[in-house]
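To start, the structure under review is shown below, and the notes come after it.
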Amino acid sequence: MRLTCMFSFILLFGAAGLIVFIHLQDPAEMVHQQRLAPGMKFEFSLHQPEKDCTSNNQFGDTMENAAKQLMKINQVVPSYPLYQYPAMLQNTNRRLKKIKMRENKKSTERKMLKKKTRLLHKETPILIAMNSSAVDLTRLEIDDKNGKWKKLYEMQIERKKLMRDICSKYKSSSRRIITPYHVSRIFVEDKHKLLYCEVPKAGCSNWKRVLMVLNGLASSTKDIHHNTVHYGNYLKRLDSFDRNGIFYRLNTYTKMIFVREPFERVVSAFRDKFEHANNYYHPVFGKAIISKYRRNATKEALWTGSGVHFTEFIQYLLDVHRPVGMDIHWDHVSRLCSPCLIDYDFIGKFESMEEDADFLLHLIGAPKNLTFPRFKDRHSNEERTTNKITQQYFAQLSPTERQRTYDFYYMDYQMFNYSKPFEDLY
């Protein structure tokens, strides 16, 4: 009897567990069905059997009623699989994935932008206004003696107009793009808002001295040694600034350039670099020039690179397959300073250096005791390269070589209004 009661109790406990499980699972499904079919009602109740080992019939009736009730539910209400959630819930994960992908993409783009920004001033071109001249008649003194400043100002207007006309004639101006490479030879003097494009052999050493005095780096131009000027790195170059710094200075500072008659400039460069001892130009340029253009060159000449002839130098200059590259001391001004891209406010000439320099210093408000130095600190015992000396050097060339050299510097001759140095040139 005790064994039978225990067995019946176990069966009753298992049945009760099954009914509780059904009671917990099915209503969830019916709730989903109610959402899909409003108004549908579920009226049923499951009663737990009493825990009495003697009520076997009651247990059986309860199980039968529960089974019938469950069958009735399954017939009236269609099943709704648990994984089929409403459309809004199904798309939630997809939206979250898309949002995460967009965030990752934006993060990658931000990293790339930062990387590009670090190289921006090395790669990004700069667009500047067509006219950014800082030279104006309002800058001139009212008590202009003998109309000197006004005449020089009008001369500047003519020089700028000619330069623009030549640029319009020979070069496309549809898009004015300036990169840091184009401003790499421009020196900056922030105190007086001055930009100077260096043209070697056109008074550049003394102009750098003036910039150093204006910047407060020296009290007098006479106190500055040649090596300090060129190798001291006291002056800032425009390409050392970021994009905004370059853009701001190009549009607000006075931009100046000083040029020289091209034949005279190239002779001055030759005399300086090849007719005097030089531990750079002789081994780098001299050896290559002698090796290619001199027949039966001596071993000493090939070894040292000293003693280059002017005719050999011109052969190198005109050779499209040069054995060694170009150099700033004889390169075109149009390549060094990009005057067709940068709208220079002041164009000075080596031939009229004194009055042009005084006029410029007056315009920028420089100290009245500061004047452009005229001393020659290299090879001071040697005569400056003049038109007469230039004629003597070019007389060594054939008419064809002179013509080709003139063609090589043709843009500089046209842009800065220099006349033909020889009558037989065309």
Side-chain angles (χ1 to χ4, degrees), residues 121-122 126 128 132-135 156 178-260 265 269 327-350 353 356-367 370-375 377-378 416:
H121 74 283
K122 293 297 181 183
I126 301 171
I128 67 169
S132 59
S133 177
V135 180
Q156 285 298 316
I178 297 176
T179 65
Y181 169 79
H182 295 112
V183 300
S184 60
R185 304 220 62 79
I186 295 181
F187 291 89
V188 180
E189 202 284 291
D190 285 315
K191 186 176 180 180
H192 295 82
K193 295 186 176 182
L194 186 63
L195 299 180
Y196 166 64
C197 185
E198 175 190 30
V199 178
K201 313 311 299 180
C204 67
S205 298
N206 283 335
W207 267 118
K208 287 182 180 179
R209 289 185 172 92
V210 171
L211 294 181
M212 292 178 70
V213 173
L214 288 173
N215 205 28
L217 299 174
S219 58
S220 172
T221 55
K222 296 180 181 180
D223 300 332
I224 308 173
H225 191 268
H226 179 84
N227 290 338
T228 304
V229 171
H230 291 284
Y231 308 115
N233 294 324
Y234 291 104
L235 296 173
K236 295 180 181 179
R237 294 179 185 263
L238 189 54
D239 66 342
S240 66
F241 295 88
D242 61 14
R243 182 180 183 275
N244 291 333
I246 295 174
F247 182 86
Y248 170 76
R249 287 168 176 79
L250 283 176
N251 284 280
T252 60
Y253 284 23
T254 299
K255 303 175 291 296
M256 73 162 178
I257 180 176
F258 271 77
V259 298
R260 187 176 185 177
R265 176 171 167 256
D327 184 79
I328 60 174
H329 291 83
W330 47 81
D331 203 352
H332 313 81
V333 175
S334 55
R335 281 168 50 93
L336 293 173
C337 296
S338 304
C340 290
L341 293 177
I342 300 173
D343 190 21
Y344 285 95
D345 304 305
F346 193 96
I347 303 171
K349 290 191 174 183
F350 184 84
M353 178 66 78
D356 285 350
D358 289 344
F359 183 42
L360 175 66
L361 294 174
H362 173 75
L363 287 173
I364 65 173
L370 177 62
T371 59
F372 185 81
R374 295 295 295 172
F375 58 83
D377 62 346
R378 282 170 61 86
F416 303 111

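If you're wondering where the values come from, they're calculated on a predicted model, not measured in any experiment.
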For this session: Applying side chain to side chain contact (heavy atoms under 4.5 Å, CB included), name anything that partners Asn215, two or more places apart in sequence or on another chain.
Result: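 Glu189, Leu217.
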Exercise. Does Asn233 have any side chain to side chain contact (heavy atoms under 4.5 Å, CB included) partners at least two apart in sequence or in another chain, and if so, which?
Worked result: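 Asn233 satisfies side chain to side chain contact (heavy atoms under 4.5 Å, CB included) with no other residue.
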For this session: Quick one: which residue pairs count as a salt bridge (charged side-chain N to carboxylate O under 4.0 Å, His left out) with a foot in residues 328-337, not counting sequence neighbours?
Result: Asp331-Arg335
Problem set entry | Any pair counted as salt bridge (charged side-chain N to carboxylate O under 4.0 Å, His left out), so long as it reaches residues 209-228, sequence neighbours left out |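 Sorted result for residues 209-228: Arg209-Asp377.
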Exercise. Around Tyr234, counting heavy atoms of other residues, nucleotides and ligands shown, do more than 12 lie under 6.0 Å from its OH?
Worked result: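 No, not enclosed.
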Could you tell me which residues satisfy side-chain hydrogen bond (donor to acceptor under 3.5 Å, both in side chains) with [X], sequence neighbours excluded, listed by chain and number?
{"X": "Asp327", "answer": "Tyr281, His329"}
{"X": "Thr221", "answer": "none"}
{"X": "Asp358", "answer": "none"}

For this session: Mind checking salt bridge (charged side-chain N to carboxylate O under 4.0 Å, His left out) for Lys349 and listing every partner two or more places apart, or none if nothing turns up?
Result: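 Partners of Lys349 under the salt bridge (charged side-chain N to carboxylate O under 4.0 Å, His left out) test: none.
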List in chain and number order the residues that pass ring-ring contact (aromatic ring centres under 6.0 Å, His included) with [X], two or more places apart in sequence or in another chain; answer none if no residue qualifies.
{"X": "His332", "result": "Phe408, Tyr409"}
{"X": "Phe187", "result": "none"}
{"X": "His230", "result": "His226"}

For this session: Give every residue pair that meets the disulfide (SG to SG under 2.5 Å) criterion with at least one member in residues 219-248, sequence neighbours excluded.
Result: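 Of all non-adjacent pairs touching residues 219-248, none passes disulfide (SG to SG under 2.5 Å).
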For this session: Please name the residue in the list Leu360, Leu194, Leu370, Thr371 that meets the side chain to side chain contact (heavy atoms under 4.5 Å, CB included) test with Val210.
Result: Leu370
Exercise. Say you draw a straight line from OH of Tyr344 to SG of Cys337; how long is it, rounded to the nearest 0.5 Å?
Worked result: 4.0 Å
Exercise. Does Phe350 have Arg265 sitting over its ring (NZ/CZ under 6.0 Å from centre, angle to axis within 45°)?
Worked result: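 No, Arg265 does not sit over the ring of Phe350.
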Exercise. Salt-bridged, Asp239 to Arg185, with N to O below 4.0 Å?
Worked result: no
For this session: Can you see which heavy atom on Asn206 is nearest to which on Phe372, and at what distance?
Result: CB-CZ, 3.5 Å
For this session: Search all heavy atoms of Ala202 against all heavy atoms of Phe258 and return the closest pair with its distance.
Result: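 Nearest pair, atom of Ala202 first, then Phe258: CB-O, 3.7 Å.
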For this session: Determine whether the side chains of Tyr253 and Asp190 contain a donor N or O and an acceptor N or O closer than 3.5 Å.
Result: yes
Exercise. Where do Ile342 and Lys255 land on the side-chain contact (heavy atoms from CB on, under 4.5 Å) test, with the steps shown first?
Worked result: CA-CA 9 Å; Ile342 300 173; Lys255 303 175 291 296; 3.8 Å; yes
